[in-house]
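All residue numbers in this chain count up from 1 along the given sequence.
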Amino acid sequence: MSEHYAFTPPATVSVPVVGRAQRFPVHRIYCVGRNYEEHAKEMGFTGREPPFFFLKPADTVVVAEPGQTASTPYPSLTSNLHHEIELVVAIGTGGKNIQAADAAKHIYGYAVGLDMTRRDLQGEMKKQGRPWCIGKAYDHSAPIGPITLAAEAGDVNNAAIWLQVNGSDRQRSNANKLIWNVAETIEHLSAAWELQPGDLIYTGTPEGVNAVVRGDTLVGGVDGLTPISMSIG
């Protein structure tokens, strides 16, 4: 027991970095809502609305280590658990009021992530005009694969993004269909919060979100990045 704390602080949440011994320590997780036009339509919305954000705690991260299939439990209180495959941006240099033209200077790397969602609970909160936290920010809701350094990631802004469940396609699109691209997202986000090294930005999911059940295996990717593999326990 540390003499400086009432109890031993939890270990730092971290993500492996491709080709590096160092790991990326996670500070905050920001998520962009409805950032692909076709997904916005399937959720009942249209147009290029201003971007909006929600957060997940850092300890909701589930790390899919290189070459391994991570396992997450089927969460409590839901009977409608949805997958959302996403390009994730890892911030290496913080800042506030970052202009889109300067955004690349603040990016450490990229990864493939899943914004897992208790859709029934999220929907109920929407109907009541209440926060979505119970649907989006529950334990184990932010799986992520290894981070690839920005200089080694290729053209992620024009990369295919896809997800298969038990070997069958569920989601397939391209990052160039983001309503607000990575640079624009960083500009909007940094106007509301001062970004810090260690922040992760889940940039939004394309169409095709759907339910998964216990025993399902999810494999997803963004071209140029290490794919993510996860099973639902």
S.K.: State, with a plain yes or no, whether a side-chain heavy atom of Pro66 is found less than 4.5 Å away from one of Val18.
M.R.: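 Of all side-chain heavy-atom pairs linking Val18 with Pro66, none is under 4.5 Å.
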
S.K.: Mind checking whether Tyr36 and Val32 sit in one hydrophobic cluster, side chains of I, L, V, M, F, W, Y counted as touching below 4.5 Å?
M.R.: yes

S.K.: Heavy-atom distance under 4.5 Å between the side chains of Phe53 and Leu189, does that happen here?
M.R.: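 Yes - at least one pair of side-chain heavy atoms lies under 4.5 Å apart.
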
S.K.: Going by heavy atoms in the side chains, are Thr60 and Tyr138 under 4.5 Å from each other?
M.R.: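 Not in contact.
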
S.K.: Under a plain distance cut-off of 3.5 Å, with no hydrogens placed, do Arg130 and Gln128 share a side-chain donor-acceptor pair?
M.R.: yes

S.K.: Please give me the minimum heavy-atom distance between Pro197 and His27, naming the atom from each residue.
M.R.: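 For Pro197 versus His27, the nearest heavy atoms are O-CB, 3.7 Å.
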
S.K.: For Thr217, does its backbone N or O pair with a side-chain atom of Ser231 as donor and acceptor, under 3.5 Å?
M.R.: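 A pair under 3.5 Å: no.
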
S.K.: Can you name the closest pair of heavy atoms from Gly215 and Asn166 and give their distance?
M.R.: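 For Gly215 versus Asn166, the nearest heavy atoms are O-OD1, 4.3 Å.
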
S.K.: Supply the atom-to-atom distance Asp216 CG to Met230 CE, rounded to the nearest 0.5 angstrom.
M.R.: 9.5 Å

S.K.: For a 4.5 angstrom cut-off between non-hydrogen side-chain atoms, does Val182 reach Asn157?
M.R.: yes

S.K.: Just checking, any donor-acceptor pair under 3.5 angstrom between side chains of Ser190 and Asn97?
M.R.: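 There is no such pair (donor and acceptor under 3.5 Å, judged by atom type) between the side chains of Ser190 and Asn97.
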
S.K.: Could you measure the distance from the CD atom of Gln99 to the CD1 atom of Ile186? Nearest 0.5 Å is fine.
M.R.: 12.0 Å

S.K.: Treating Glu184 as the side-chain partner and Asn181 as the backbone partner, does any N or O pair qualify as donor plus acceptor under 3.5 Å?
M.R.: yes

S.K.: Between Ala90 and Phe24, which heavy-atom pair has the shortest distance, and what is it?
M.R.: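 Of all heavy-atom pairs spanning Ala90 and Phe24, the closest is CB-CZ, 3.7 Å.
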
S.K.: Please confirm whether the ring centroid of Tyr30 lies under 6.0 Å from the ring centroid of Tyr202.
M.R.: no

S.K.: Evaluate the side-chain proximity of Trp162 to Val222: yes if any heavy-atom separation is below 4.5 Å, no if none is.
M.R.: no

S.K.: Could you tell me whether the side chains of Thr78 and Arg118 share a donor-acceptor contact shorter than 3.5 Å?
M.R.: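 There is no such pair (donor and acceptor under 3.5 Å, judged by atom type) between the side chains of Thr78 and Arg118.
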
S.K.: Does either side chain, that of Thr205 or that of Gln171, offer a donor lying less than 3.5 Å from an acceptor on the other one?
M.R.: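 Side chains of Thr205 and Gln171: pair found under 3.5 Å.
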
S.K.: Looking at Glu187 and Ala100, would you say the former's side chain and the latter's main chain have a donor-acceptor pair under 3.5 Å?
M.R.: yes

S.K.: Rounded to the nearest 0.5 Å, what separates atom OG1 in Thr148 from atom CG in Leu225?
M.R.: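 With rounding to 0.5 Å, OG1 (Thr148) is 5.0 Å from CG (Leu225).
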
S.K.: Would you say Leu218 and Ile232 make side-chain contact, with heavy atoms under 4.5 Å?
M.R.: yes

S.K.: Could you tell me whether Glu207 and Arg170 have a side-chain N and a carboxylate O separated by less than 4.0 Å?
M.R.: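 No, Glu207 and Arg170 are not salt-bridged.
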
S.K.: Count the heavy atoms of every other residue, nucleotide or ligand shown that sit under 6.0 Å from NZ of Lys127, and state whether that count exceeds 12.
M.R.: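 12 or below, so no.
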
S.K.: Quick one: closest heavy-atom pair of Ala191 and Lys96, and the distance?
M.R.: O-NZ, 3.5 Å

S.K.: Identify whether Ile107 and Ile161 are in the same connected component of the hydrophobic contact network (ILVMFWY, side-chain heavy atoms under 4.5 Å).
M.R.: yes

S.K.: Against the six-membered ring of Trp132, is Lys126 placed for a cation-pi contact (under 6.0 Å from the centre, within 45° of the normal)?
M.R.: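 Judged by the rule, Lys126 and Trp132 form a cation-pi pair.
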
S.K.: With rounding to the nearest 0.5 Å, note down the distance linking CG in Leu114 to NE2 in His140.
M.R.: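 Nearest 0.5 Å value for the CG-NE2 distance: 14.5 Å.
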
S.K.: Counting distance only, does the side-chain N/O of Ser141 pair as donor-acceptor with the main-chain N or O of Lys136 below 3.5 Å?
M.R.: yes

S.K.: When you check the side-chain N and O atoms of Lys105 and Thr93, is any donor under 3.5 Å from an acceptor?
M.R.: no

S.K.: Could you tell me whether a side-chain N or O of Asn35 sits under 3.5 Å from a main-chain N or O of Thr203, the two making a donor and an acceptor?
M.R.: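 Checking the backbone N and O of Thr203 against the side chain of Asn35, a donor-acceptor pair under 3.5 Å is found.
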
S.K.: Closest heavy-atom contact between Ala64 and Ile228?
M.R.: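 Reported closest heavy-atom pair: CB-CG1, 3.7 Å.
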
S.K.: Quick one: do Val165 and Val212 satisfy side chain to side chain contact (heavy atoms under 4.5 Å, CB included)? Show the steps, please.
M.R.: CA-CA 8 Å; Val165 178; Val212 290; 4.2 Å; yes

S.K.: Do Trp193 and Leu55 come close enough that some side-chain heavy atom pair is under 4.5 Å?
M.R.: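 A side-chain contact exists here, since the closest heavy-atom pair is under 4.5 Å.
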
S.K.: State whether the side chain of Arg119 and the backbone N or O of Leu81 hold a donor-acceptor pair below 3.5 Å, judged by distance alone.
M.R.: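 Looks like no, no N/O pair under 3.5 Å.
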
S.K.: Under the side chain to side chain contact (heavy atoms under 4.5 Å, CB included) rule, what do Val15 and Glu65 come out as? Steps first, then yes or no, please.
M.R.: CA-CA 8 Å; Val15 181; Glu65 298 287 345; over 6 Å; no

S.K.: What I want to find out is whether Arg28 reaches Glu194 closely enough, with some N-O distance under 4.0 Å, to be called a salt bridge.
M.R.: no

S.K.: Give a yes or no on whether the backbone of Trp180 and the side-chain of Thr185 come within a donor-acceptor separation of less than 3.5 Å.
M.R.: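 Confirmed, Thr185 side chain pairs with Trp180 backbone.
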
S.K.: Spell out, yes or no, whether Leu87 and Ile147 are grouped together once hydrophobic residues are joined by side-chain heavy atoms under 4.5 Å, including indirect joins.
M.R.: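 In one cluster with Leu87: Ile147, no.
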
S.K.: Just how far is it from atom SG of Cys133 to atom CZ of Phe54, taken to the nearest 0.5 Å?
M.R.: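 If we round to the nearest 0.5 Å, Cys133:SG and Phe54:CZ are 10.0 Å apart.
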
S.K.: Is His106 reaching over with its side chain to a backbone N or O of Gly94, donor-acceptor style, under 3.5 angstrom?
M.R.: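 Between the backbone of Gly94 and the side chain of His106 there is a qualifying donor-acceptor contact (under 3.5 Å).
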
S.K.: Under a 3.5 Å distance rule, please check whether Asp199 uses its side chain to pair with a backbone N or O of Ile91 as donor and acceptor.
M.R.: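 Flag not set: sc Asp199 to bb Ile91 has no pair under 3.5 Å.
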
S.K.: Which pair of non-hydrogen atoms, one from Ser229 and one from Val219, has the smallest distance, and what is that distance?
M.R.: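 Between these two residues, the closest heavy atoms are OG-CG2, 3.9 Å.
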
S.K.: Would you indicate whether the side-chain heavy atoms of Pro75 and Asp139 approach each other to under 4.5 Å?
M.R.: no

S.K.: Do any N or O atoms from the side chain of Asp120 and from the backbone of Ser79 form a donor-acceptor pair under 3.5 angstrom?
M.R.: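 Pair found, side chain donor or acceptor close to backbone of Ser79.
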
S.K.: Apply salt bridge (charged side-chain N to carboxylate O under 4.0 Å, His left out) to Lys56 and Glu86, showing your working.
M.R.: CA-CA 14 Å; Lys56 295 182 184 243; Glu86 311 211 358; over 6 Å; no

S.K.: Grouping I, L, V, M, F, W and Y whenever their side-chain heavy atoms are under 4.5 Å apart, do Leu163 and Tyr110 come out in a common cluster?
M.R.: yes

S.K.: Is Val88 linked to Val156 within one hydrophobic cluster, defined over Ile, Leu, Val, Met, Phe, Trp and Tyr using a side-chain heavy-atom separation of less than 4.5 Å?
M.R.: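 The answer is no; the residues belong to distinct hydrophobic clusters.
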
S.K.: Could you walk me through whether Val26 and Leu200 satisfy the side chain to side chain contact (heavy atoms under 4.5 Å, CB included) test, starting with their C-alpha distance in whole Å, then the side-chain angles of each, then the deciding distance to 0.1 Å, before giving a yes or no?
M.R.: CA-CA 7 Å; Val26 179; Leu200 296 174; 4.0 Å; yes

S.K.: Evaluate the side chain to side chain contact (heavy atoms under 4.5 Å, CB included) criterion for residues Val112 and Ile85: first the C-alpha distance (whole Å), next the side-chain angles of each, then the deciding distance (0.1 Å), finally the verdict.
M.R.: CA-CA 7 Å; Val112 182; Ile85 191 71; 3.6 Å; yes

S.K.: Nearest 0.5 Å please: distance from the CG atom of Leu195 over to the CD1 atom of Ile98.
M.R.: 5.0 Å

